Amino acid sequence: MTTLFTNIRIFDGRPHASREGQVLVDGERIAKVAYAPETIDAPGATVIDGHGGTLMPGMVEAHAHLTWASSVEKIYHAFILPPEELEVAATRNARVLLDHGFTSAYSAGALGDGIEVRLAAAINAGETPGPRLIPSTLERSPEGAEGVDTGDVFNGRGPEAMRAFMKYCADQGIGSVKLVISGEDALKPGSHSDLLYTVEEMDAAREAAREYGLWIATHAYTDEAVDLALRAGARIIYHASYIGERTAEKLAAHKDEVFYGPGCGVSVAALEASPPPHIDMSHMKHSAAERMELEGKLVPALKAMGVRTLIGGDYGFPFNPNGCNARDLQHFVDYFGYSPVEALAAATGLGGELMGIEVGRIEEGYLADLLLVDGDPTQDVAILQGKDNLKAIMKGGAFHKAPLETVTA
C-alpha cells in the first residue's frame, strides 16, 4: 500500500517548527519527505488531503502501565484484579493508548506475570490493536520491602536471586525489567529515601541483563538510589525527584546511555483529584506537591545538560486513567518551561530513541507510525488531549484510524 499525505504541515520529531510539505508512505515505512516548494509524484498512491493539518510521528509513552487497569473507558477502584480481568483490562488499555495517538509504549512494570508478553505478541501478530510494546514483568521489589511489593516471582534477596529473576524474565520474552530501588511515599509515607537493593544485587542485575539481552528500568528517588540505578546500567530512570546537583551531573555524564522520566502525570492528577470522603489521599497529595516543587527545578536543569527527558506519568490509576497520557505534554510546558516543540520532541523523537527502533521521526526509512492532527500542536500541545483531533492514526503504514476522505492519484 502506498499513501501520499498532502496539504499538511510536517512536525518531524525534532524540536523545531512545522513546515509545509508532503510525505509518501510505501509499505510499512516512510519512502519520501518533501518540503515546499518540492512535491512528490506518486502515481497510483492513495492521497490523503490533510486540509492544512499537521502530520507528526506517533507518540511514545515512556512509562506505560497497561495493567494499571483504569482507563478513560472503564475505571477500576480496585487496584489488584483477578488475572483474567487484568488481562482484559490490559488489552483494552493497549487499544485506548493507540486510539489516543500513542503508537509505541515502553513498559514501566506490570501487575500480572506474563500478561504483557502475551499482549505484545498479540499486537505484533495483528490479533488486537495496540502500540508497539516493550513488555515488562512484575515490578521487582525485594522480599520484605513493606509498602512497595508488587509480586512474588523470584523476589528473594542476594545476587543469585537477582540473576535467577533476570533469567526468568529473559526466558519469558521480557524486553525491560523494572527494578524498584527506592520506596514510594504514595504507598508508604516517608519511604522515598529507603534503599531496597544492595550494591551486590545491582551488580548482578547489570551482569545478567547484559548476558540475557535485557534492558533495565528503575524507580529511584534519591542520590543513593540513582547511583545504584546507574551502577545497574539502567536504560531509563524514573522520578529522581530528590537528587542533588552532584547526581544530576552524573546523569548528564551518562546522557548517551540513560533516559530520564520524571513521571509528573500522576503527581498533577493527585493534586487535582477530589476523592470521596472515605478515601484519604492526603499523604499522596503531600508527596506529589513536594515532588512537583523539586522537579520544577530538576527537570529544566537536566534538560539544559542534555539529558534525554521523556513523557509518561504512571497513567492507569482511577484518578489518572490510561488515555489521558497526552496531558504530560502540557505538564512539561506548564511546570518545566518546555516550549510546545520541545514537549512534542520529548514525546516523539526522544521516545523513539528509548524504544530502540526507527520510530518517533518523519524521516525517510523510518517506520510509518504517524498522526494526522486537526490543528497545529507545535503551537498548542493541548489539542493532542482530544482524540477527535486525531483525524488519522497510522501504524506501520496501515491505518488504525483512517481519514474520512481518500483519493487515488
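All of these numbers come straight from a predicted model, not from anything done at the bench.
- Pairs passing the salt bridge (Lys or Arg N to Asp or Glu O under 4.0 Å) check and including a residue from residues 344-359, sequence neighbours excluded, read Arg29-Glu358, Arg308-Glu353, Glu353-Arg361.
- Expressed to the nearest 0.5 Å, how far OH of Tyr366 lies from CD of Glu363 amounts to 5.0 Å.
- Residues satisfying the salt bridge (Lys or Arg N to Asp or Glu O under 4.0 Å) criterion with Arg118, sequence neighbours excluded, are Glu87.
- Looking at Lys167 and Asp171, a side-chain N of the basic residue comes within less than 4.0 Å of a carboxylate O on the acidic one, giving a salt bridge.
- Looking only at distances, a side-chain donor or acceptor of Arg235 sits under 3.5 Å from a matching main-chain atom of Leu354.
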Using atom types as modelled, flag every donor-acceptor pair under 3.5 Å from a side chain in residues 379-394 to any protein atom, sequence neighbours excluded.
from	atom 1	to	atom 2	distance (Å)
Asp380	OD1	Ala382	N	3.1
Asn389	ND2	Ile383	O	2.8
Lys391	NZ	Asp388	O	3.2

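- Using a cut-off of 4.0 Å between Lys/Arg side-chain N and Asp/Glu carboxylate O, Lys401 and Asp99 are scored as not salt-bridged.
- The shortest side-chain heavy-atom distance between Asn322 and Val72 does not fall under the 4.5 Å cut-off.
- Because its NZ or CZ atom is both nearer than 6.0 Å to the ring centre of Tyr338 and within 45° of the ring axis, Lys303 counts as a cation-pi partner of that residue.
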For the pair Arg163 and Asp203, evaluate salt bridge (charged side-chain N to carboxylate O under 4.0 Å, His left out) and give the outcome as yes or no after the intermediate values. CA-CA 10 Å; Arg163 290 190 185 94; Asp203 286 346; over 6 Å; no

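- A salt bridge is defined here as a Lys NZ or Arg NE, NH1 or NH2 lying under 4.0 Å from an Asp or Glu carboxylate O, and Glu28 with Lys395 fails to meet this definition.
- Residues Val299 and Tyr260 meet the side-chain proximity criterion, which asks for heavy atoms closer than 4.5 Å.
- Two residues are said to be in side-chain contact when any heavy atoms from C-beta on lie closer than 4.5 Å; Arg206 and Met166 fail this criterion.
- Using a 4.5 Å heavy-atom threshold, the side chains of Gln22 and Leu4 count as touching.
- With respect to Arg157 and Glu200, no salt bridge is recorded, no charged nitrogen being found less than 4.0 Å from a carboxylate O.
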